[in-house]
Every structure is written in C-alpha cells, then in structure tokens.
*Asks:* 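Please find one structure pasted underneath; my questions will follow.
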Amino acid sequence: MTGAPLLAVDGLVKHFPVHGDAYGGGSDRVVHAVDGVSFTIGRGETLALVGESGCGKSTVARLVLRLLDATAGSITFDGVDVTGLAGKQLRDVRRRVQVVFQDPFSSFDPRRRVGDSVAEPLVAQGRKRDAPARVPELLELVGLDAAAAGRFPHEFSGGQRQRLAIARALSVQPDLVVLDEPVSALDVSIQAQVLTLLADLRTRFGLAYLFISHDLAVVRNVADRVAVMHLGHIVETGPTAAVFADPIHPYTRALLSAVPDPDPVRERTRERIVLAGDPPSPIDPPSGCRFRTRCALALDSCAASEPPLVHRGDGPSVGHLVACPVVLGAAPPPSPSM
Amino acid sequence: MTAPALPDEPTAAGPAAPVLALDGLSVVLAARGREATILDGVSLALTPGETVALVGESGAGKTVLALAVMGLLPDGMRVTGGRIVLGGTDLLGASASALRGARGGAMAMIFQDPQSSLHPAFRVGAQVAEAIRTHQAGVSKADASAQAVELLRRVGIPQADARARDYPHQMSGGMRQRVMIAMAIANRPRLLIADEATTALDVTVQAQVLEVLKTAQQETGAAMLVVTHDLGVVASVADRVVVMYAGRIAESGPVDTVLTEPAHPYTRGLLAAVPRLDEAAPVQAIPGQPPSPFARPSGCAFRTRCPLADERCEAEDPVLVAFGADAGHAVACHHAGGPA
Amino acid sequence: MTTPGEPGGAVRRSGVGELPLTGTASLFDSGVRTGQDLARDPGGAPPPARFWRRYARKPLAVIGAVILLVLVTAAVFAPVIAPEDPTPQLTAEILADARQGPSWEHPIGTDKLGRDQLSRVLYGLRVSLAVGVGVAVLSVIAGVAIGAWAGWRGGWVDGLLMRFTDLFLVIPALVVLLVVANNPDPSFFGLFDLPPATEVPGMIVLLAALGWMPMARIVRGEFLSLRERDYVEAARAAGASSRRIVFTHLLPNTVGPIVVFATLAVGIAILNESVLSFLGAGVQYPAVSLGQMIADAEDTVGTDLAYLIVYPGLVLFVLVLAFNLVGDGLRDAIDPHSRD
C-alpha cells in the first residue's frame, strides 16, 4: 500500500454505559464494545472485519460512519481527522462515506417511494435537482428497472432491496462504502448475486469497502485484507489469503474450524477445534487476553497484559499481525504479581 | 392427556420400515381470494436413525413441510392431498388430541429462535419437566425434575442442576437451543425435526449445537429431519439430502452424491453460489429470483433461471426419477446430468 | 417520472386513496402500481394506496364516518338549519311557549323557558364539536412537539421533558378543572393571560393543557424506536439534517398513532366539557353546550319533560361513539400489522 490510506482508524474505543437512565445516574458499569481498534483501508481496497456477535464489529462500522461518537481514538479520512467534525465539514465527509445495512426490510422507509429513498443522499447533500436524472441511472446500475423508482419498498424482495440500498449508497459517488452484513439476510443464490454486483461496482468505480461480516466464507470471497475481532479487540489481521491459509491466533483457528464445509468428504476429515462454553461478557471482560478463558493454549501470563498485535514475519506474510505471544513463541515472562 | 395412539414398534416388518413417510403431500395457501401451491406432491421417507436434510431457499416450502408434519400449518394453509404417516399412523386422519399427543411425544421440533420458543417466565428445568409430564403419565414432579436435569446435562449444559433454575433470558442463545434440544428428546421421539435450529447462532456455537444434536439423535435412535439453507450444515449432519425448489423436490439422494456430483441444474447452481473458505474464486450467482407461488411458471419451475432450459421444460413437468448409479439418487429434470 | 401526457398532480388525484400520509412530495410518484407481491412483507406499513380500501372494509368504521359527517354538517350549518335563536331574549312571547312537546313549529319541543330545543341541540353540538376538535388539535400540537423533541434528542432533554410530562400527569385533573373553571380570575393570579374557561376558547386551552400528555408519551416512544431503524441511520450517514429526518421519516411513520390519539381525544374532550358543564363549571351563557342542557334538565327524568334530557344526551352519545368508531377504523387501517 503506497501513499496515505483512505481511512485510518487509530486506537478506537467505544464504551456503552449499562442501564444508563435519563438522570445520568445509575450503574457505572460499561460494555467494552470496542477497545483499542486500529486499522487502515487504502483506496479501492476491501477490508473485512469479521467476528461473532458482540465482538464490536458493527459498533466499529457505526463509529466510522459517525453515527456514534467514539469514547477515545481517532478516525482519519483522506488525511482529515473526522472524529470531532460537525456541520458542513461532517456533511462533506459523509458524501464520501456511505453505508449499506444488513436488514433489507428496515433499510427503507415503508411510506416513501424507493426512488425518493435512493435519492435521499443527493437531497441531503443539496443536489435534489440531480435526482430525477440520476436515480434511473443508479437503478439500472444495480440491475433494476428504472421504473422501480415509483414503487414502495414492500413490493421488492430482500435481494432487490439490497440492490436499492447499494444504489442509494452510490448516489453521491462515495470513496468508501461501509457494508454492515450486507448479504447475511439473503438466500445463497441471491447472496451470490449481490456479492457479484458489489465486486463489479468496486472495480468500476474504484470503491473501497469496509465489509462487516460474521461469515468467514463470504469474507474470503470479497476481502483483500481481513481483521478478526474478538470482544472489542482485533486479534489477527493481514492479507486475506495469508490469514485463511495460515491462521495463527487460536481464536481465528477455532473460528475457521467451526465453519462446516459443503463438501461432505472434506467435512468429515477436516480438523475441528470446538470451543468450550460461551464467549465472556463484554461488560466484565477477562483481564489480559480476552480469549484466554476459552483458549486451549492459555498460560498464566495471558491474564497479565493485553497482547499487542505483532508482525508475524516477512515474505508472503507481510502485514500479517497476530495478538498472541504464546503462539508466536514470545510469551512474556510470568507476571510477578500473579 | 392420553398417550399417543401410536404403536411402539413399526407394524410393518423389516428394519427399513420408515418412521415418517410423506406420500404426495400437497399444501395450498389461500390469500385474498387466490390460491397458491406451496407444496406440490412431495414424497419422502425417513428410516430410524437416519438424518435427512431438507434444503432450498426461502419460499421453497421446506419449513411448510416441517410444519405440515407437526400439524402446525399456519392459518390460510391447508393440506390438499397426500398422506403423512408417522410410525404407521396417518397423521392427517388423526384426531386433534392424538396429534397433540404425538407432538412433543413421538415427534418433536426444534425451531430457529429458542428465545420465542421458551416461556420467559418459567425456569428452564421446569419447562423440560413439564414436557416430560405432559407426555408420560405417572411420572412424579420430583422424578420429572430429576430427569430434566439429567437431560440438560446430556445436551452439554455445564452445572446442569444449577442452570435448570435459570430463566431463559439468563442463558445465551446456544444454551437456550440446548434446552430446546433437551425438551425435544425428553420423550424419546422417533422423529426429530430441526428447523434452521442453528441459523441464528454464531459459528463456534453452531458447531457445538450441531454436535449436541447429532449425539442426541444417536442416543435416541430417532430419525432426524434437518431443515436448513446452509449446505455446510447439510454436509456436516445429513445422510441424505432433499433439495427443494418452488414446492417440489428437485433432487434427492445420499449427501455425498448430491453435494459432489449434483445432477439438477438448481443444485449445481446452489453449490456454485456458496462461497468457500478454501478458495478465493468468485461465487457464481443464479440469475433471477425464485417464482412467487402465485405465479408459478408452467412446466419446470426452475426453467426461468436455468441455463439448460428449452421448450420441453416449458411444456412438460419434469418427474422425480432415479438417476445414475447411486442408490436413492433421484432428479426431476429433463436435462439431468447435462452439461454443467 | 409522470405518465406521459398527464401532469403529475392530475395523476396523483386520479388514484383513489393514493394520497400519501406523508407531508413530503415524492419525486417519483408515477401513480403506476405494478408487481404487487403478496405475502412477502407482513411487517411493512401499508402504503397509502391500501389505506381507504382497508378502512372501507370495516362496516362500523364506515357507519361512524357517515354519522360524523352528518353531525359535522349539522353543526357547521346550524345557523342555517336551526329554526330559531337558541338563546333569544326571554320575552313574554317566548316564555309562553315553555314546555311544549314536539310540534311542527318545534320538532323536538321547547325547554322550560320556551326556547326551541332543536336549535339549542344544534348549537350545543356546535360548541361540543368545537371544544372537542379544538382540544384535540391543541393536545396533538403540544404532545407531538414535546414528544418528538424528547424522542429525537434523547438523553437529558428526554429526561427533562418526560419529567415535565409526568408532572402534568399526576395533577388531579378534575379538581384543577373545577378550581380553574370557577376561578373568577382566569389570569390565575396574574400569572397567565388566559381566556376565561366559561367561554369556548378558554375551555379548549384548559382541557388541552390537561390532555396532551399521552400524545407526548406515544410520540416519544415511536421516535425512540424509529430513530434506530436502518433507514434513519442511513439518512444520518448520508448527511441529512435532523429537521429533514424528523419531517420526512419519523413524523410520517408516526401518523398512525397520532391520528388515532386525535380521534379519541376529541371524544374525551367532549365528555369532559359535558361533565364540567353538568357540574356548572363548563361554558356559560350565552354559549350553549350539550352538557349544559343536560344539567338544566336533570330534574326532568321520569317526567313528561324527559325529552329535554334525552335529545342532547342522545346527540352527545352518538357524537362520541362516532369519533371512537372512526378512531378504531383508522387504527386498523393504518396499523402495519393488521391483516390486509
């Protein structure tokens, strides 16, 4: 990757108060949804954030979109720190960062014609006059009939609505599209259509994607680089091919081994790491490495401090970072305090 | 409640007597004065200990099939033809009380969403015990509670005696689904139906629950019908697979045959559309969308999306017929096994 | 995006029931409906097109609407329809007509002072409707403004506004109504410059001040849930202003509850005014209200003069009932979860 990245996220933290009430009182416990996440996305690049429910991946998406305000850390878009932007400056950045959400049924205002919804970013950006010409173009771009603009969301299937959501996102020619589980609610054959469409649009317009997903096979299919999240941390990141071919972190390995393979022969013979128990609560996460309570390799030292992301090596694994000193053979000395 | 009027052993001789046999089952949905065929002449048999996966996309009719077997079709849908035979008893002719007795007794179902399947105001142990006492006359409350804890232990809930006193909201999704499995196997059913039972779970939890499901089935010797859209899950648990499209069976046969040498263009399309972990090759989409049951194409319902379709597909309904060398492999396609 | 040869406005008007419930004009209103898919979206809100069709399916709601139309027409044209002045100078000639039964001259008789009862009922209806509609409009404006502000802003703004709302809710309304209505100093010790509650505008302000709280709570609740919807988040992410989001997404999707509350509020306000009038604290001469007439005739029950209480009572009853029927009909027609 050369030059400054399109998006650089550094030390992002988001804590949510638990049972916060209207008086601002109540409990002072917090959910550690995102706890020090850093990554970059280059122009035209697809980074996938992958992890299980509650790992904080969707919170990262909302932070990047500035739908939530970060507790700490910075988000730099094209060289500009957007963390504190407001008003017109924020609106200018928002033109360049668009979003597609998971649920094709709540993505559209049920009372508005889809043409108006697709045109919404244009109108919000003060370009209402472009809408009548642009919307039919956009609809055809995503493989729908231009006449669809006058219809209501309930007249479309899930896959068609996801196409509409993509058309809406592309209406203002963004540089980055945040895709939050964009195909998770779709049937396999429709999912493949939408993935193909996303790949086409990406090459056509040089789009960068932040692709949020729990589905490892989908991620393998779309991403240039992948970051595996576990309880608010990135535990492993690197080029998709490298991470999938040679997963290092015990959590990544367990995650990959849990995906059943549609090939029955391979399914019977593949290595399986079945994790014991449930993921720990993000309200009171384990100290040090947050995976240690379910990790077969955990040492006492894992509880002492949060393991940093460390380069794995050179050659094909350049950019492959892992947050597990045990596996990397550099376990910290036993903590004297324990 | 009386015990279900079902014999303990299949009356027909021979080990292969099916637990469940569907014969030409048809289900129709009536809405706004129009009728749509949701299931169209589906025939299927499950032998004891066998796991059959029912796959297909939304609207293919797989969940409706499961609900029809359980006698739980939603309002507006009704069976218009065929037979559903469970252990020798025709369920369509059975009385409402016999059907109620069979449900949760001889046959049990696990749904996708354990949150809404469990009563939020009762402890999970009590709910499992209730399932036992409903179907087994003469079991005391204390015995049922002890059995419930034992069942929860068998489905892999740690500290089962303590967790039995939890309310559903105190458990994770995976744990709740285990409770549902415990409840389903409580009365040693002969047929277990799992309807997208692991779809809502995280992949690591899904792996655990699939293991529990397989173990539970082996221990009870039940036949299992797994309804899923996930071909990975199919490969993981099933012996045989039935691929459905628009209310009909497109292809069925042993898992190894169907998933590695699919003969129906739809099965091939599905397999090509699934992203794989081990290769970065782009997925191949099936063009178009499944037809609305209110506007089903003539002839083969898949022809509007099929690369092999010709005039014959439009004129003539393909029939499900034996295909190839593998026993039990059947395909409903005029071009079965044609160029991929 | 209009149909060739037709101006957009004409197309909009030509489609029966095509009136959108939103206040925002569509850029893409072609008036053409195609490809209606059944059964696909049970959770979605009904588009305006289905609204009247759904409303018209409820006979009671239609009856309510017809009655309401008749009563409103009668009230609006009371000065034309009414045979006489409802509050004439009590001349000897008028007083001589007291306590007359129905006749051609006085279709439902005269009251104890010889005034034409039909004219008085018509003018009373006018006052009741004015109070009811006025209170509903004011309550809705106040309730929507406060509820929307609280629900959209959330946080401490929400906390503050909701405590303010709670404050009004715990006020014993009847006591306040009686005190204020009987207070010879309507400015409330110089604090407010309110019109006296013995006149219609003052009564409207008073009843609205005690009736807006449920609206605020309803709107706040709707806003809190709607603002989490993906389409609202998408609009925010696109850079849409708060004002735009509130007026194009949140308010239009809250129209259902608002309309239902408004119709019910009319009926409640009419009844409250009647109760106050009956207690002698309602609108006073020269205004006529139905409650006042009932109060004046309370000693006639069981006598030949009972018709003096029957007619105003009947009109009051039918009026409130009609509003409730219309409210129920609107709720069912707007509710996205009711059957189509």
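Letters A, B, ... are given to chains in the order of the sequence lines, protein chains preceding strands, and every chain is numbered from 1.
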*Asks:* Does anything in residues 240-262 of chain B reach chain A? List residues with heavy atoms under 4.5 Å apart, or say none.
*Replies:* B:Val255, B:Asp256, B:Leu259, B:Thr260

*Asks:* What distance separates B:Leu277 CG from A:Leu255 CG, expressed to the nearest 0.5 Å?
*Replies:* 9.5 Å

*Asks:* Check each atom of A:Val218 against the heavy atoms of chain B and say whether the ones under 4.5 Å are side chain, backbone, both or neither.
*Replies:* both

*Asks:* Find the one option among B:Gly288, B:Ala272, B:Gly174, B:Gly56 whose heavy-atom pairs under 4.5 Å with chain A are most numerous.
*Replies:* B:Gly288

*Asks:* Highest number of heavy-atom pairs under 4.5 Å with chain B: which of A:Ala245, A:Pro260, A:Ala199?
*Replies:* A:Pro260

*Asks:* When you measure from the side chain of A:Gln193 to the backbone of B:Ile286, do you find a donor-acceptor pair of N or O atoms at a distance under 3.5 Å?
*Replies:* yes

*Asks:* Does any backbone or side-chain atom of A:Leu216 lie under 4.5 Å from a heavy atom of chain B? Answer side chain, backbone, both or neither.
*Replies:* both

*Asks:* Taking the side chain as every heavy atom from C-beta outward, state whether A:Asp261 and B:Arg276 have any atom pair closer than 4.5 Å.
*Replies:* yes

*Asks:* Measure the spacing between CG of B:Asp202 and CG of A:Leu275 and express it to the nearest 0.5 Å.
*Replies:* 11.0 Å

*Asks:* Quick one: closest heavy-atom pair of B:Thr204 and A:Arg294, and the distance?
*Replies:* OG1-NH2, 3.8 Å

*Asks:* Got a donor-acceptor contact below 3.5 angstrom from the A:Asn221 side chain to the B:Pro275 backbone?
*Replies:* no

*Asks:* For the residue pair A:Arg268 and B:Ser236, confirm or rule out a side-chain donor-acceptor distance under 3.5 Å.
*Replies:* no

*Asks:* With a 4.5 Å limit on heavy-atom distance, are the side chains of B:Val203 and A:His214 in contact?
*Replies:* no

*Asks:* In the structure I gave you, are the side-chain heavy atoms of B:Val274 and A:Gln191 within less than 4.5 Å of one another anywhere?
*Replies:* no

*Asks:* Any side-chain heavy atom of B:Gln289 sitting closer than 4.5 Å to one from A:Ser189?
*Replies:* no

*Asks:* Quick one: CZ on A:Phe244 to CG on B:Asp278, what's the gap to the nearest 0.5 Å?
*Replies:* 10.5 Å

*Asks:* Taking C-beta and beyond as the side chain, do B:Gln284 and A:Thr196 meet within less than 4.5 Å on heavy atoms?
*Replies:* no

*Asks:* Heavy-atom distance under 4.5 Å to chain B: side chain of A:Arg266, backbone, both or neither?
*Replies:* side chain

*Asks:* Heavy-atom cut-off 4.5 Å, strictly under: side chain, backbone, both or neither for A:Leu186 against chain B?
*Replies:* neither

*Asks:* If you count heavy-atom pairs under 4.5 Å with chain B, which of A:Leu195, A:Val274, A:Val219, A:Val259 comes out on top?
*Replies:* A:Val259

*Asks:* Just so I understand: if I count every heavy-atom pair under 4.5 Å between each of A:Val265, A:Asp263, A:Val194 and chain B, which residue has the most?
*Replies:* A:Asp263

